[in-house]
A.B. asks: 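Here it is: the structure, laid out below.
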2 protein chains.
Amino acid sequence: MDQRTPVAPPSDILLRRLSHYAELSPAEIGLLEAMPLASQDVGVGTELIVEGRILDTPRLLVSGWACRFRMLPDGRRQIFDFILPGDMYGLCLRPQAIALTTAITLTQAQIADASALWVAIKDRADEFPGLSDACHSTASLEEAYLLNQLVRVGRQTAYERTAHLILEIHDRLSAVGLADGATIPMPLTQETIADALGLSVVHLNRTLQLLRRDHLIESRAGFVKLLQPEQLADVADFHPPVISQKRKSG
Amino acid sequence: MDQRTPVAPPSDILLRRLSHYAELSPAEIGLLEAMPLASQDVGVGTELIVEGRILDTPRLLVSGWACRFRMLPDGRRQIFDFILPGDMYGLCLRPQAIALTTAITLTQAQIADASALWVAIKDRADEFPGLSDACHSTASLEEAYLLNQLVRVGRQTAYERTAHLILEIHDRLSAVGLADGATIPMPLTQETIADALGLSVVHLNRTLQLLRRDHLIESRAGFVKLLQPEQLADVADFHPPVISQKRKSG
DNA sequence: CGATCTTTTGACTCTGATCAACCGGGGTGG
DNA sequence: CCACCCCGGTTGATCAGAGTCAAAAGATCG
């Protein structure tokens, strides 16, 4: 029944994630592990961020999926980005910033407080250079995803957009160890995906069928498998975001 | 011939801009005025930011327009946002961040170095709280514009998008005193606007004609006039971004 | 006064939206 | 246990918004 990640301390997924972006010292790893292990369960549709409120309670999405979005008066919805397991939200590098969008959970989810991490990189950045770097990297990534989203929605065809989004999600889930090779969980309804891609549900459905018929993806009950990642990346013009200069050369 | 802003020190436009977001102390105003008055002239198509390069040279666009964009391999272009007079660019609150997009000038432009401001808010934020606040606000605004852009392009019709963008630009130009009431300079070609709105030039042209026919705007040689701003805001569902809590109440 | 760029117009196409109905599974309540 | 219902996915038919192609008409600029 419960399809959430098998029991693992909240710090685990975050540790896995941040390690990708910087070398973490034992002290830093210690800090992550000392972060409150208690995580809270919330149901579908829970508001994680409320537009207009001050962003002062950094949190970690331990499991489950969420999204940031905006509604138009007549019910049209645009999803800006997805918040995936291991992502932090409700924080902003700018002090006293207020939330520009609302965010809600799209599945059951577990959330944990991330204030400790926040304090560490904010007030004691020099003690925790790795954490600081890694958090800055995740902020850059978020911006990169937003730009990708804009290109998808603004200039790509339905076919390209869909492929591109799938690749991006695969990339992100891989980074936190939630991809099983080319197979990723896909708990989103087609309606949700459509609202992210700026398409109608019906058209998205047909586009997915096309991708399947072209043997680029395979999808069954809550999962998507990338059959030919290279071709897919080719049609979508997908490039994993580059957010830092290579530090090691030669 | 030369339609740039009448001679005014570079610090002027920035001062006008930042004063909107925070009370500036005499010391802070002094700092802005002491910023190198020398501004450099550059032609159309000059690269202001190069994707992949480290963002370490904060600059001020004193006059002229620019944009950030990305190209697809087959020539399609998505413009992410516009850089207007009084905007800063080439900086990032995150240290050692690398540019996620390229930016080029769309008109002749004047640019000035903004390192002084940068140093002030970065290393001596407590001495310059107003400047610091104001700069953070502009960063938030940039993000808000990006989100607006996504809604336009993802969920609005051509008619709505066009109206929305015009209103946003009017707002931004007003903030730096470049709007003459409801009339704003519009140095962009329709091709450029189309690339921002995710439309074809032909369709944008027809959409503009519709807006004119509906007496919502008027446009002539390099200028646009908003004839019925309220109606326009209504069709576009336009709301000026709110990026800070009201500080004064009662 | 050409040459080039931008805007405009016309005709046609097509991608993607809309409307409506149906299917299938899982939960629920009688 | 079964009927019902609701939700999400699928299909079909039709429509319309927006793209494409092509060319003309204005602007601008050496």
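Heavy atoms only: backbone and side chains are in, while hydrogens, waters and symmetry mates are out. Just so we're on the same page: letters track the sequence lines, and every chain starts at 1.
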A.B. asks: Just N and O in the side chain of A:N205: are any of them under 4.0 Å from OP1 or OP2 of D:dT10?
C.D. replies: yes
A.B. asks: Is it the case that the side chains of B:D237 and B:H239 hold a donor-acceptor pair, with the cut-off being a distance below 3.5 Å and no angle test?
C.D. replies: yes
A.B. asks: May I ask you to establish whether B:R206 and B:Y159 are in a cation-pi arrangement, using a distance under 6.0 Å from NZ or CZ to the six-membered ring centre and at most 45° from the ring axis?
C.D. replies: no
A.B. asks: Could you state the atom-to-atom distance from CG of B:L210 to P of C:dT8 in whole Å?
C.D. replies: 13 Å
A.B. asks: Among the nucleotides D:dA22, D:dA18, C:dA17, which one has an atom lying closest to any side-chain atom of B:H203?
C.D. replies: D:dA18
A.B. asks: For the pair made of CZ in A:R155 and C1' in D:dT20, what is the distance, rounded to whole Å?
C.D. replies: 13 Å
A.B. asks: For A:E191 and C:dA17, give me the distance from atom CD to atom P, rounded to whole Å.
C.D. replies: 13 Å
A.B. asks: Within the structure, does a side-chain N or O atom of A:Q209 lie under 4.0 Å from either OP1 or OP2 of D:dG9?
C.D. replies: no
A.B. asks: Would you classify A:T207 as touching base, sugar-phosphate or nothing, given that sugar-phosphate means primed atoms plus P, OP1 and OP2, and contacts are heavy atoms under 4.0 Å?
C.D. replies: nothing
A.B. asks: Check whether B:Q78 reaches the backbone of B:M71 with its side chain - one donor and one acceptor, N or O, closer than 3.5 Å.
C.D. replies: no
A.B. asks: Applying a 4.0 Å non-hydrogen cut-off, can you work out what B:G198 is touching in the nucleic acid: base, sugar-phosphate, or nothing?
C.D. replies: sugar-phosphate
A.B. asks: When you measure from the side-chain N and O atoms of A:R212 to the phosphate of D:dG9, is any distance below 4.0 Å, counting only OP1 and OP2?
C.D. replies: no
A.B. asks: Round to a whole Å and report the spacing from CZ of A:R220 to P of C:dG25.
C.D. replies: 17 Å
A.B. asks: Counting distance alone, no hydrogens or angles: does the base of D:dG9 have a donor or acceptor under 3.5 Å from a partner atom on the side chain of A:R206?
C.D. replies: no
A.B. asks: Take the protein atom CZ of B:R152 and the nucleotide atom C1' of D:dA18, then report the distance between them rounded to whole Å.
C.D. replies: 18 Å
A.B. asks: Which residue lies toward the 5' end of DNA chain C, A:L204 or B:L208, if each is placed at its nearest nucleotide?
C.D. replies: B:L208
A.B. asks: B:D74 CG to D:dG19 C1': how many Å, rounded?
C.D. replies: 14 Å
A.B. asks: Among the candidates C:dT6, D:dG8, D:dG19, find the nucleotide nearest to the side-chain atoms of B:L199.
C.D. replies: D:dG19
A.B. asks: Could you check which of C:dG16, D:dG9, D:dA13 has an atom nearest any side-chain atom of A:A158?
C.D. replies: C:dG16
A.B. asks: Could you tell me whether A:S200 contacts a base, only the sugar-phosphate backbone, or nothing, with contacts defined as non-hydrogen atoms closer than 4.0 Å?
C.D. replies: base
A.B. asks: Quick one: A:L106 CG to D:dG8 C1', roughly how many Å, whole number?
C.D. replies: 15 Å
A.B. asks: Examine D:dT10: is either OP1 or OP2 under 4.0 Å from a nitrogen or oxygen in the side chain of A:Q190? Give yes or no.
C.D. replies: yes
A.B. asks: Tell me: CZ of A:F223 to P of D:dG9, nearest whole Å?
C.D. replies: 15 Å
A.B. asks: Under 3.5 Å, is there a donor-acceptor pair linking the side chains of A:T189 and A:T192?
C.D. replies: yes
A.B. asks: Look at A:R68 together with A:E51 and state whether they make a salt bridge at an N to O cut-off of under 4.0 Å.
C.D. replies: no
A.B. asks: State plainly whether the residues B:R76 and A:E160 are in salt-bridge range, i.e. N to O under 4.0 Å.
C.D. replies: yes
A.B. asks: Report which part of the nucleic acid A:V201 touches: base, sugar-phosphate, or nothing (heavy-atom distance under 4.0 Å, all strands).
C.D. replies: nothing
